[in-house]
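Counting begins at 1 with the first residue of the sequence.
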Amino acid sequence: LNELGSESAKIKAMGIMDKLSTDKTVKVLNILEKNIQDGSKLSTLLNHNNDTEDEERLWRDLIMERVTKSADACLTTINIMTSPNMPKAVYIEDVIERVIQYTKFHLQNTLYPQYDPVYRVDPHGGGVLSSKAKRAKCATHKQRVIVMLYNKVCDIVSSLSELLEIQLLTDTTILQVSSMGITPFFVENVSELQLCAIKLVTAVST
């Protein structure tokens, strides 16, 4: 899927995606949707009280692998849909909604808590840790896999703004996209995402 993501970006840049058969492209999009669905609701921050730290780490690695795989499927999907001169048949509503659902969930539950401690939930049941002091204490070190996911999600958000310029979406979907585009401005340490969100909010307004 990672390879498919980068290859689809090259094909999009060459402007030859529309040369593929529509039936095959639609079939690929439906298969990609299943891969997006696989990681669209997986929480990467849960602590399952496993016996050892190793078990916990293995479990988290497995979850992150599935979440990253789904991000690659999202990118491939968006690359196909935002390529020039694509037939109407590729703009499958369910698939677009699945991409948005995945992106929104992982911004809220995976990336914001990693980049801004205010969005972290206190494991001892104290709710969200919302003091400014928490931001000050936040460690800046990020796992490589989280940074990779962050970059992929930035690409997805940016490409969604391209999709909005090509295809009319339903009101419900537009509402989802709007809230996804506005939230990053209330989160610290996500300046790249905020730049992509500006594009997205502008496309929605247009």
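Note that OG1 of Thr76 is 11.0 Å distant from CD of Glu3, once rounded to the nearest 0.5 Å. Going from atom CE of Met180 over to atom CD1 of Ile100 covers 6.0 Å, rounded to the nearest 0.5 Å. Taking CG from Leu20 and CD1 from Ile11, the interatomic distance works out to 6.5 Å, rounded to the nearest 0.5 Å. Summarising the geometry, atom CG belonging to Asn35 is positioned 11.0 Å from atom OG belonging to Ser40; distances are rounded to the nearest 0.5 Å.
Under the 4.5 Å side-chain heavy-atom criterion for ILVMFWY residues, a single connected hydrophobic cluster contains both Ile198 and Ile182. Val145 is not connected to Leu58 by any chain of hydrophobic side-chain contacts under 4.5 Å among Ile, Leu, Val, Met, Phe, Trp and Tyr, and they are in different clusters. Taken together through direct or relayed side-chain contacts under 4.5 Å among Ile, Leu, Val, Met, Phe, Trp and Tyr, Met17 and Met14 form part of one hydrophobic cluster. Criterion: ILVMFWY side-chain heavy atoms under 4.5 Å apart, direct or through other members. Under it, Val147 and Leu149 are part of a common hydrophobic cluster. Under the 4.5 Å side-chain contact rule for hydrophobic residues, Val190 and Phe105 do not share a cluster.
The main-chain N or O of Lys41 is never found under 3.5 Å from a side-chain atom of Gln101 such that the two would form a donor-acceptor pair. Of the possible donor and acceptor atoms, one in the side chain of Ser8 sits under 3.5 Å from a partner among the backbone N and O of Gly5. In this structure, the side chain of Asp116 engages the main chain of Glu188 through a donor-acceptor pair within 3.5 Å.
In terms of heavy atoms, Asn189 sits closest to Tyr150 at O-OH, 4.5 Å. The shortest heavy-atom contact between Gln108 and Tyr119 is NE2-CE2, 4.2 Å. Closest heavy-atom contact between Pro184 and Tyr112: CG-OH, 3.4 Å. Heavy atoms only, all atoms of each residue included: Ala89 and Val26 are closest at O-CG2, 3.8 Å. In terms of heavy atoms, Ile36 sits closest to Tyr102 at CG2-CB, 3.8 Å. Minimum heavy-atom separation, Glu33 to Asp94: OE2-O, 4.0 Å.
Side-chain contact check for Leu32 versus Leu4: some heavy-atom pair is nearer than 4.5 Å. Residues Leu107 and Thr183 form no side-chain contact, since every pair of their non-hydrogen atoms from C-beta on lies 4.5 Å or further apart. Looking only at side-chain heavy atoms (C-beta outward), Ile146 and Thr110 come within less than 4.5 Å of each other. Side-chain contact between Leu42 and Asn109 is absent, with no heavy atoms from C-beta onward closer than 4.5 Å. Counting heavy atoms from C-beta on, the side chains of Glu97 and Leu169 never come closer than 4.5 Å.
With sequence neighbours excluded, the residues forming a side-chain contact (heavy atoms from CB on, under 4.5 Å) with Asp18 are Asn85, Met86, listed by chain and number.
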Cut-off 3.5 Å, no hydrogens considered: what does the side-chain donor-acceptor table look like for residues 154-168, sequence neighbours left out?
residue: Ser158; atom: OG; partner: Lys199; partner atom: NZ; Å: 2.9
residue: Ser159; atom: OG; partner: Asp155; partner atom: O; Å: 2.9
residue: Ser161; atom: OG; partner: Ser158; partner atom: O; Å: 2.4
residue: Glu162; atom: OE1; partner: Lys12; partner atom: NZ; Å: 3.0
residue: Gln167; atom: OE1; partner: Lys88; partner atom: NZ; Å: 3.4

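With 3.5 Å as the limit, one finds a donor-acceptor pair spanning the side chains of Lys104 and Ser179.
Counting only residues at least two apart or on different chains, the salt bridge (charged side-chain N to carboxylate O under 4.0 Å, His left out) pairs with a member in residues 64-83 are Asp38-Arg66, Asp38-Lys69, Asp72-Lys152.
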